[in-house]
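Have a look at the structure below before the remarks.
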Amino acid sequence: MAVTSTDEEVQSTMESNYDRVSELKAFDATKAGVKGLADAGIDKIPRIFYQPPDNFNNAPVSGDTQFSLPVIDFEGVGKDPIQRKEIVERVGNASEKWGFFQVINHGIPVSVLEDMKAGVIRFFEQDSEIKKEWYTRDITKRVIYNANFDLYSVPAANWRDTMYCIMAPNPPTPQDLPAACRDIMLEYSKQVMELGYLLVELLSEALGLNSNHLKDMGCADGMILLSHYYPACPQPELTMGATKHADNDFFTVLLQGHIGGLQVLHQNHWIDVPSIPEALVINIGDLLQASI
């Protein structure tokens, strides 16, 4: 994302003396999230979302094809030993050199992927009074919906709303989940858990270990389902939907929306991750790196 002449405006605002905490509390109290701001038809975003200029373009964006994110076809992984060996090698290389890769023919039907994306949209675009039932910062709740889990601890908020739910090892009952997406949340999570078991087997084999090694360590026991929603922004040059970060888990299975915008950092270049309808993006997390 290019930085425009509004840099001076951002810097001036950041240096000005304004009551940020009060503004954060007022925003949070609406329980309408970023979607509520977009629905209100604002033409200027609140100052709490202004990102420091250094957050933009801190590494070049590369269009060079040599930096294309690996796409690995899992076809035959459970039936053909020769094919499985090739897949294991590709998974190992991608994990070591990139920390990211996309998978296709992973066993989850495209219809389930599309239904999951549609379910997320239904939740975030339903009547705000219904949605407010789930808005909380109480981490003991089974389902947490809010804008920025770290709203009060970061220098600038992201232009994003999120729904958070722990789906394993103790899955919620259907009644625990929002009606707008409960059935697909349960089905999608069940199928992603199966893919997760396969991934830890392949990663174990890629490390030259017994296929059950990482599974026996508990690397596939839990699952947290995070659903992000990025409303249209009237001043996208001032903020971001997601700033640079690493995932503090064993690994992430990411279902990307059709709009795209996801980038990964590779050899000090930001690489666009193409949105492929049938693909899932795998991100090797901090805990897995630490475990091995």
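In what follows, residues are counted from 1 in the order of the sequence shown. Reckoned from all heavy atoms, side chains included, excluding hydrogens, waters and symmetry mates.
Judged by the 6.0 Å distance and 45° axis criteria, Lys131 is not positioned over the aromatic ring of Phe124.
Donor-acceptor pairing under 3.5 Å is lacking for the side chains of Asp150 and Ser153. In summary, the side chains of Asp28 and Tyr152 do present a donor paired with an acceptor at a separation below 3.5 Å, with no hydrogens or angles considered. A side-chain donor from one of Asp247 and Thr252 sits under 3.5 Å from a side-chain acceptor of the other.
When every heavy atom of Phe149 is checked against every heavy atom of Asn146, the shortest pair comes out as N-OD1, 3.7 Å. Minimum interatomic distance between Arg20 and Ile48 (heavy atoms only, all atoms of both residues): NH1-CA, 3.2 Å.
Between Trp98 and Phe67, the ring planes lie perpendicular to each other; the angle is over 60°, past the 30° to 60° tilted range.
Ring to ring, Tyr145 and Tyr229 are not that close: their centroids are 6.0 angstrom or more apart.
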Check your understanding: Should His258 and Ser275 be marked as a side-chain hydrogen bond (donor to acceptor under 3.5 Å, both in side chains) after you check the CA-CA gap, both sets of side-chain angles, and the distance that decides it?
Key -> CA-CA 6 Å; His258 70 280; Ser275 179; over 6 Å; no

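Each of Val34, Leu37, Asn148 was scored for a side chain to side chain contact (heavy atoms under 4.5 Å, CB included) with Asp161, with one residue passing: Val34.
Here the side chains of Ile284 and Phe100 are not in contact, with every heavy-atom distance at 4.5 Å or above. No side-chain heavy atom of Ser204 sits under 4.5 Å from any side-chain heavy atom of Asn212.
Distance alone, capped at 3.5 Å, places no donor-acceptor pair between the Arg160 side chain and the Pro231 backbone.
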